[in-house]
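Notes follow once the structure below has been shown.
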Amino acid sequence: MSVERFVNTEKLYHYTKYQSALMIILTNSMRFGKLVDMNDYIESNKIIGCKDGGNGLIENSNTLNSIQHYLSSIGQISLTNGHKKCGFDIEPMWSHYAEKGKGICFVFDRRKLLKKAKEMRCWCRLVAYKKHISQWYVTEINSVEEVVPYFSTHRKSVFFEKSKDWKYEQEYRILCADSRFPTLQLNDCIVGVILHCSSLSSIEIEDRKNIFSKLEIPVYEYNGKIFGGGEKTLKYDNTTIYSLK
């Protein structure tokens, strides 16, 4: 892939561990995680209630169990938005999700990836960050039959809003409500991988470049250290693609 094509491609990013990155490349797919396993305490412990038509809440166990079963079946893939932004230079993301810089940041072709997701009828959109997000969520569901239609209609407010404390993640989220599809097939969606060269030794960098080269995956080198007011850079084959203050 030419540098020009990389720059002009609309991108989404995904930070992950090195071994997980190899598995993604070898299987050409990404596994959907579960909402209940997310690191956001409010999201992973969301409590759903149902209005009874008055001021109280219903206690219909079948309905409540159906809601919890539906929520637990939803799969999620979290990406970092790169549209008109550089989504590879978020240091907390490298630290939290990519082994403190020793992992990998994937670069995906945004249009191709979302096309694959939408073919699976996934829900895809940017996360909106709000000042106040409640762990308690009261719905108007009164029967088992209303569960799926309700969440389909209200998916934006239920699944795509988070506390502003997470705004730095610039999250773009893909949700799959069909448990028959545990993975998202990538095909030719991978533009390349980024190494955080400030966190890796020269030996580690060369070893990983050799491995990804054998897998025919372009490798980009990110230097996140800024000494004496210098710039952060992203390079490919010694050519600087981005310079960031």
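Residues take their numbers from the sequence shown, with the count starting at 1.
For W94 against I104, the heavy-atom pair with the smallest separation is CZ3-C, 4.0 Å. The minimum heavy-atom distance linking S78 with E171 is given by the pair OG-OE2, 2.7 Å. The minimum heavy-atom distance between G87 and Y13, with the atom names listed, is N-CE1, 3.3 Å. Listed here is the closest heavy atom pair of H69 and S72: O-OG, 2.9 Å. Closest of all the heavy-atom pairs between I90 and Y15 is N-OH, 3.6 Å. Counting all heavy atoms, side chain and backbone alike, H14 lies closest to F108 at CB-CE1, 3.7 Å.
If you take NZ on K17 and CD1 on I24, they are separated by 12.0 Å, rounding to the nearest 0.5 Å. For the atom pair K164 NZ and K130 NZ, the distance stands at 13.5 Å (nearest 0.5 Å). Note that CG of D89 is 11.0 Å distant from OG1 of T233, once rounded to the nearest 0.5 Å. How far CG of N81 is from CD of E10: 9.5 Å, rounded to the nearest 0.5 Å. Put simply, OG1 on T240 and CG on N223 are 10.0 Å apart, with the number rounded to the nearest 0.5 Å. The distance from the CG atom of D207 to the NZ atom of K209 is 11.5 Å, given to the nearest 0.5 Å.
E91 places none of its side-chain heavy atoms less than 4.5 Å from the side chain of H96. Side-chain contact between Y18 and I211: present, with at least one pair of heavy atoms (C-beta onward) separated by less than 4.5 Å. Between F159 and V127, every side-chain heavy-atom pair lies at or beyond the 4.5 Å cut-off. Side-chain contact between F106 and I25 is present, with heavy atoms from C-beta onward closer than 4.5 Å.
Under the 3.5 Å distance criterion, with hydrogens and angles disregarded, no donor-acceptor pair is assigned to the side chains of T80 and Q170. Side chains of E169 and Y97: a donor on one and an acceptor on the other come within 3.5 Å.
When L79, I77, V107 are each tested for a side-chain contact (heavy atoms from CB on, under 4.5 Å) with L12, only one passes: L79.
Applying the ring-ring contact (aromatic ring centres under 6.0 Å, His included) rule to F88 yields the partners Y222, Y242; only residues at least two apart in sequence or on another chain are considered. Under the rule for a side chain to side chain donor-acceptor pair (under 3.5 Å), E206 has no partner lying at least two apart in sequence or in another chain. Under the side-chain contact (heavy atoms from CB on, under 4.5 Å) criterion, T183 pairs with S29, R31, Q185, not counting sequence neighbours. A search for side-chain contact (heavy atoms from CB on, under 4.5 Å) contacts involving S95 returns K100, not counting sequence neighbours. For the salt bridge (charged side-chain N to carboxylate O under 4.0 Å, His left out) test, no residue two or more places apart in sequence or in another chain qualifies with D109. In this structure, E99 has no salt bridge (charged side-chain N to carboxylate O under 4.0 Å, His left out) partners at least two apart in sequence or on a different chain. Under the rule for a side-chain contact (heavy atoms from CB on, under 4.5 Å), the partners of Q19 that lie at least two apart in sequence or sit in another chain are L22. Residues passing the side-chain contact (heavy atoms from CB on, under 4.5 Å) test with D178 are C176, R180, F181, sequence neighbours excluded. Residues meeting the ring-ring contact (aromatic ring centres under 6.0 Å, His included) test with Y70, sequence neighbours left out: F151. Every residue meeting the side chain to side chain donor-acceptor pair (under 3.5 Å) condition with D165, not counting sequence neighbours, appears here in chain and number order: S163.
Looking at E221 and K235, no side-chain N of the basic residue comes within less than 4.0 Å of a carboxylate O on the acidic one, giving no salt bridge.
Put simply, the side chain of R155 gets close to the backbone of S152: a donor and an acceptor are under 3.5 Å apart. Formation of a donor-acceptor pair under 3.5 Å by the S66 side chain with backbone atoms of N62 is not found in this model. Looking at T27, its side chain does come within 3.5 Å of a backbone N or O of M23 through a donor-acceptor pair.
Other residues, nucleotides and ligands contribute more than 12 heavy atoms inside 6.0 Å of the CG atom of L26.
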With a 3.5 Å cut-off and sequence neighbours excluded, list the donor-acceptor pairs that the side chains of residues 113-126 form with protein atoms.
none

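Relative to the six-membered ring of F6, K11 meets both conditions, a distance below 6.0 Å and an angle of at most 45° to the axis.
Residue pairs meeting the salt bridge (charged side-chain N to carboxylate O under 4.0 Å, His left out) criterion with at least one member in residues 187-205, sequence neighbours excluded, are K102-E204, K112-D188.
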Exercise for the section: Apply the test side chain to side chain contact (heavy atoms under 4.5 Å, CB included) to residues F32 and I74: give CA-CA distance (whole Å), side-chain angles for both, the deciding distance (0.1 Å), then the verdict. Expected result: CA-CA 9 Å; F32 286 94; I74 291 178; over 6 Å; no

